[in-house]
Amino acid sequence: MSPRRNRPHGGEKPDRRGAETDRYGGAQRSESWQGEEWFVRPVAGASAPGKRYRCPGCDQEIPGGAPHVVAWPEYGGVEDRRHWHKACWNAKDRRTSRVQRSRNAPRY
């Protein structure tokens, strides 16, 4: 018995010239928010062990291995990138500008 083939037999490859991709497989796109252009890239959840991210939308920690999005302003640098839960990024216009923390919540 020959080994299973996981690639299509047709020989055609999908055309991905329009989308910028990275090693996580997410296609980068541009969105407008608060009068500014933002780059948004989905992340499959593959992160370095021990790396923790806090979502600025809900102020909760994003568990390691959880799919999420990374967003940064068009003219921002690496230090301006923020990791968001996908649902929090989609609901960013419906949230208040200030997230209220409980008294015992850690301040990261």
Side-chain angles (χ1 to χ4, degrees):
M1 182 187 293
S2 63
R4 179 178 162 189
R5 295 182 67 178
N6 288 328
R7 54 186 179 266
H9 294 283
E12 293 183 25
K13 295 181 180 176
D15 185 17
R16 296 183 65 100
R17 284 179 282 173
E20 295 178 37
T21 60
D22 67 349
R23 65 184 177 150
Y24 300 113
Q28 181 175 308
R29 65 184 186 274
S30 179
E31 292 185 20
S32 182
W33 180 48
Q34 294 181 340
E36 197 173 0
E37 286 298 312
W38 289 70
F39 291 120
V40 182
R41 179 178 295 161
V43 178
S47 64
K51 198 109 183 205
R52 296 179 176 200
Y53 301 110
R54 185 161 295 277
C55 175
C58 65
D59 201 36
Q60 298 296 312
E61 191 173 297
I62 299 173
H68 59 282
V69 297
V70 177
W72 65 97
E74 181 180 20
Y75 298 108
V78 174
E79 66 278 353
D80 295 323
R81 291 187 302 190
R82 297 293 176 258
H83 294 252
W84 294 69
H85 293 108
K86 186 176 179 182
C88 293
W89 176 257
N90 292 337
K92 64 191 174 299
D93 294 326
R94 295 187 304 263
R95 292 189 177 274
T96 61
S97 60
R98 184 94 171 125
V99 175
Q100 298 294 319
R101 291 190 179 109
S102 67
R103 285 186 218 159
N104 299 336
R107 297 189 180 263
Y108 289 85

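Everything numeric here is computed off the predicted structure, so don't read it as measured data. Numbers here are sequence positions counted from 1. Computation of the quantities below employed the complete heavy-atom set of this structure, encompassing side-chain atoms and omitting hydrogens, waters and symmetry-equivalent molecules.
Residue pairs meeting the side-chain hydrogen bond (donor to acceptor under 3.5 Å, both in side chains) criterion with at least one member in residues 71-82: none, sequence neighbours excluded.
For His83, the side-chain hydrogen bond (donor to acceptor under 3.5 Å, both in side chains) test picks out His68, with sequence neighbours left out. Judged as a side-chain contact (heavy atoms from CB on, under 4.5 Å), and not counting sequence neighbours, the contacts of Glu31 are Arg29, Val40, Trp89, Lys92. Qualifying side-chain contact (heavy atoms from CB on, under 4.5 Å) partners for Ser32, counting only residues two or more places apart in sequence or in other chains: Glu37.
Heavy-atom minimum distance, His85 versus Val69: O-CG2, 4.4 Å.
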